[in-house]
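First the structure, in the form of structure tokens, and then the observations on it.
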2 protein chains.
Amino acid sequence: MEDEVDRLVAAWRRERPDLDVEPLEVLSRVSRLARHLDRARRLAFSEHQLEPWEFDVLTSLRRAGAPYQLSPGQLLTQTLVTSGTMTNRIDRLTKKGLVERLPDPSDRRGVLVRLTPEGRDRADEALAGLLAQERAILAQLSRGQRGELAALLRQLTAPFDNVPG
Amino acid sequence: MEDEVDRLVAAWRRERPDLDVEPLEVLSRVSRLARHLDRARRLAFSEHQLEPWEFDVLTSLRRAGAPYQLSPGQLLTQTLVTSGTMTNRIDRLTKKGLVERLPDPSDRRGVLVRLTPEGRDRADEALAGLLAQERAILAQLSRGQRGELAALLRQLTAPFDNVPG
DNA sequence: GAAATATATCTTGATTTCAAGATACTTGAT
DNA sequence: ATCAAGTATCTTGAAATCAAGATATATTTC
């Protein structure tokens, strides 16, 4: 079945036959799929009164394991937002009672962000819902294809995830 | 090579062994890679004094072919933003002289957005730069792997691109 | 051909994000 | 010990996005 990127690539080949637009076959699909997923997530989380950004922070803490705490810096590498954004997110989650800030005992510059019991419950509920939705989207592919796809994507993400940047 | 999603999945399997988190192997990689690509694009476009959102609108018009015009509604399906966002984008691009609004001769509710000659040049310059950068990112994969990856992604994007939603 | 429904775009107000730089503490070199 | 450089987080102000609803025009139904 054709998708929007097929049409986009065909259009470029007509308009700019001098350029090799093959990279778009992969990377435009990644960007567009991510936007579709964002919309779907927003919808799925609204049942739990959670925004996607809240889910991202809460689940990062949740999967760290008890006592469910990380530094803001660790949260940055998990969520790929800027430090100003993370400060703001922690402020808002604190007001909602889903996380709390504690001083880092080993570094007085530092802070630890800890999930409250309610924050933990909310994260657990929303995760189950998200997985159900994602499973439906991935039903397009066989188990083997999902494995292949994951492996190919890993080759593209690994360089980003393993450099200072 | 391991990536952040490998660590994330391992953490969930430790914390929530009762859940099947296999969907994250694919879809978390898609979301994270898209964020990395956004950052890289922002950097690449800054050489041309263009924001990613400007690029998205200008190139949608550019590849429509002469006379380089589309309705706001058509731009919505290409860029996956809301109508309020698109109105705002067209306003700002108009102020910068990169696009102009024309009345749609066949529908008095409608408007056509047309690329100016400068807008067209800016789109062409930035596209060449983007393709070079994307080629570097994709050098991780062989030509055959890139083809496979594109085909697998198409299966996931097609359902989104071919329904009313 | 009038009313009801649908479509296309824009407006509004609140929310979220980012880039840049400020502040406070820590570490390393001498 | 002191000073310079590095690190961790927060502050600020501007820019961009979204959801919801308003407005104007088209289309369908009866």
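Chain identifiers are assigned alphabetically (A, B, ...) following the order of the sequence lines, protein sequences preceding nucleic acid strands; residue numbering begins at 1 within each chain.
- Fit an axis to the five pairs at each end of the helix from C:dG1-D:dC30 to C:dT30-D:dA1 and the two axes sit 30° apart, to the nearest 10 degrees.
- Applying the side-chain hydrogen bond (donor to acceptor under 3.5 Å, both in side chains) criterion to A:Gln140, with sequence neighbours excluded, gives no partner residue.
- Put simply, the side chain of A:Arg146 never gets that close to the backbone of B:Glu25: no donor and acceptor are under 3.5 Å apart.
- For C:dT17, one of the phosphate oxygens OP1 or OP2 lies less than 4.0 angstrom from a side-chain nitrogen or oxygen of A:Arg92.
- Checking side-chain atoms of A:Gln145 against main-chain N and O of A:Ser142 turns up a donor-acceptor pair under 3.5 Å.
- Put simply, CG on B:Asp91 is 12 Å from P on C:dT12, counting in whole angstrom units.
- Distance CZ (A:Phe45) to P (C:dT15): 21 Å, rounded to an integer number of Å.
- When DNA chain D is scanned in the 5' to 3' direction for atoms under 4.0 Å from non-hydrogen atoms of chain A, the outermost contacting nucleotides are D:dG6 to D:dA19.
- Under a cutoff of 6.0 Å and an axis angle of 45°, A:Arg92 and A:Trp53 form a cation-pi pair.
- Atoms CG (B:Leu112) and P (C:dA8) sit 13 Å apart, rounded to a whole Å.
- For A:Gln78 and B:Arg32, the side-chain atoms include no donor-acceptor pair closer than 3.5 Å.
- Distance CZ (B:Arg39) to C1' (C:dA19): 12 Å, rounded to an integer number of Å.
- Rounded to a whole Å, the CG atom of B:Asp38 is 9 Å from the P atom of C:dC18.
- Across all strands, A:Gly84 comes closer than 4.0 Å to base atoms (heavy-atom distances).
- Residue A:Arg143 qualifies as open at atom CZ: its count of foreign heavy atoms under 6.0 Å is 12 or below.
- In terms of modelled atom types and a separation under 3.5 Å, the side chain of A:Thr59 and the main chain of A:Arg62 share no donor-acceptor contact.
- Separating the CH2 atom of B:Trp53 from the P atom of C:dC18 is a distance of 17 Å, rounded to the nearest angstrom.
- Per the geometry, CE belonging to B:Met86 stands 12 Å off C1' belonging to C:dT9, to the nearest Å.
- Side-chain atoms of B:Ser31 and B:Ser28 form no donor-acceptor pair, as typed in the model, at a separation below 3.5 Å.
- Side-chain N/O atoms of A:Thr157 and B:Asp3 include a donor and acceptor closer than 3.5 Å.
- A residue-by-residue look at A:Val111 and A:Arg35 shows that A:Val111 has its nearest nucleotide of DNA chain D further toward the 5' end.
- Nearer to the 5' terminus of DNA chain D, by closest-nucleotide assignment, is the contact made by A:Asp104 (compared with the other of B:Asp107 and A:Asp104).
- Side-chain atoms of B:Arg109 and base atoms of C:dT7 include a donor and an acceptor less than 3.5 Å apart.
- Between A:Asn88 atom CG and C:dA14 atom P there is a gap of 17 Å when expressed in whole angstrom units.
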